[in-house]
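See below for the structure under consideration.
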Amino acid sequence: MFVDLDGAEGFVNVAELSWRRFEDTGEIVRIGQEVVGMVLHVDLEREQVSLSLKALQDDPLVEIARTRLGEVITGPVTKVVPFGVFVKVVDGLEGLVHISEFSDGRVLTEGEELTVRLSDINLLHHRLRLTLA
């Protein structure tokens with residue numbers, strides 16, 4: 001996303017728009033919308049400024065690490081992948097249940113409700129690991 005900074009050009013990489021997953025940038029911002037961002041880098045030669053919108057938002061994974069680790073929740077399967085399934089934990093945040101958890105050969109489909117435990121958080125790689133409860 002490009003942002004007019006009164007003569008300079010600001011750029012927000014798609015990865016810097018929001019902590020939550022989204023399909024279309026229109027879910028986060030609209031053309032003409034005023035935004036507040038954090039300056040990440042200034043390139044004087046190209047007159048370009050790299051910005052982040054998510055840097056000014058609370059990271060939902062940090063909140064879960066602080067208050068909900070170990071908690072059991074029920075959420076819908078949002079994506080089935082060869083190595084497991086992703087389950088919605090809170091709005092915009094999913095965690096992975098690794099395929100090794102399904103030793104009984106169980107096959108899940110998107111939308112199916114699954115009860116899981118918030119078992120491990122990797123803040124560096126921004127990942128939430130879930131186990132079957």
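Heavy atoms only: backbone and side chains are in, while hydrogens, waters and symmetry mates are out.
A heavy-atom distance below 4.5 Å is not found between the side chains of Val87 and Leu96. Counting heavy atoms from C-beta on, the side chains of Val72 and Val116 never come closer than 4.5 Å.
Under the 3.5 Å distance criterion, the side-chain polar atoms of Thr78 are matched with a main-chain donor or acceptor of Phe86. A donor-acceptor contact shorter than 3.5 Å is absent between the side chain of Glu63 and the backbone of Pro60. Formation of a donor-acceptor pair under 3.5 Å by the His98 side chain with backbone atoms of Ser100 is found in this model. Between the side chain of Glu27 and the backbone N or O of Glu23 there is at least one donor-acceptor pair closer than 3.5 Å.
Here the shortest heavy-atom pairing between Val35 and Met1 reads CG2-CE, 4.3 Å. Annotation for Ile28 and Ser18: closest pair CD1-CB, 3.8 Å, computed over non-hydrogen atoms. The two residues Asn122 and Leu61 come nearest to each other via the heavy atoms O-CD2, 4.2 Å. Counting all heavy atoms, side chain and backbone alike, Ile73 lies closest to Val89 at CD1-CA, 4.0 Å.
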Practice item. Apply side chain to side chain contact (heavy atoms under 4.5 Å, CB included) to Ile64 and Leu93, showing your working. Key: CA-CA 10 Å; Ile64 286 174; Leu93 183 63; 3.2 Å; yes
Review point. Does the pair Val62 and Leu123 meet the rule for a side chain to side chain contact (heavy atoms under 4.5 Å, CB included), with working shown?
Key: CA-CA 7 Å; Val62 171; Leu123 292 174; 4.0 Å; yes
Practice item. Carefully, step by step, assess Gln48 and Phe2 under the rule side chain to side chain contact (heavy atoms under 4.5 Å, CB included). Key: CA-CA 10 Å; Gln48 189 175 44; Phe2 291 95; 4.0 Å; yes
Exercise for review: Could you walk me through whether Arg68 and Val90 pass side chain to side chain contact (heavy atoms under 4.5 Å, CB included), step by step?
Suggested key: CA-CA 11 Å; Arg68 298 182 62 189; Val90 294; 3.3 Å; yes
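Each of Thr131, Val77, Leu130 was scored for a side-chain contact (heavy atoms from CB on, under 4.5 Å) with Val97, with one residue passing: Leu130.
Residues Thr74 and Glu113 bring no donor and acceptor atom of their side chains to less than 3.5 Å of each other.
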